[in-house]
Every structure is written in C-alpha cells, then in structure tokens.
Amino acid sequence: MNWSLSNKSETASAIQSSCSKTSGWTSSDLTESGNLVVEHFKTLSR
C-alpha cells in the first residue's frame, strides 16, 4: 500500500527516491508499489 505520493526511500512511497519530477511520472519513475497502484486504477477505469 502506498501511504503517500512521495519520493522518500521507503517501501510505501509511490515514486523512486531518485525522481525529482513533480508530475508527469513514467512507470520507470514509480516504485514497485507505485506501479501496482497505477495498474489497479487502470483496471477500475475499464
């Protein structure tokens, strides 16, 4: 589960700690859990 939309080096973060973007993230900018959340929401929008 993602607790926040942050780039801290924590397992609950959605964004890689090396990412400094404030928007426009790609899948490579996201952590494993961030990608899981994105994929979950994609299935809901179908």
Side-chain angles (χ1 to χ4, degrees):
M1 172 177 274
N2 294 114
W3 295 105
S4 66
L5 186 60
S6 69
N7 65 345
K8 287 186 174 183
S9 184
E10 300 173 340
T11 57
S13 296
I15 304 167
Q16 298 282 350
S17 60
S18 59
C19 182
S20 61
K21 296 179 187 177
T22 57
S23 65
W25 305 288
T26 63
S27 60
S28 63
D29 296 322
L30 301 177
T31 62
E32 182 178 356
S33 62
N35 276 305
L36 286 171
V37 170
V38 167
E39 291 305 316
H40 171 73
F41 281 109
K42 284 181 181 178
T43 64
L44 294 177
S45 65
R46 292 180 190 168

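Positions are given from 1 along the sequence.
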Decide yes or no on side chain to side chain contact (heavy atoms under 4.5 Å, CB included) for Trp25 and Leu5, but give the supporting numbers first. CA-CA 11 Å; Trp25 305 288; Leu5 186 60; 3.6 Å; yes
Closest heavy-atom pair and its distance - Asp29, Gly24: OD2-O, 4.4 Å
In terms of heavy-atom contacts, Ser13 and Lys8 come closest through OG-O, 3.0 Å
Is [X] reaching over with its side chain to a backbone N or O of [Y], donor-acceptor style, under 3.5 angstrom?
X	Y	value
Asn35	Ser27	yes
Thr31	Ala12	no
Ser9	Ser17	no

Going by heavy atoms in the side chains, are Thr26 and Lys21 under 4.5 Å from each other? yes
Side-chain heavy atoms under 4.5 angstrom apart, residues restricted to Ile, Leu, Val, Met, Phe, Trp, Tyr: same cluster for Leu36 and Leu30? no
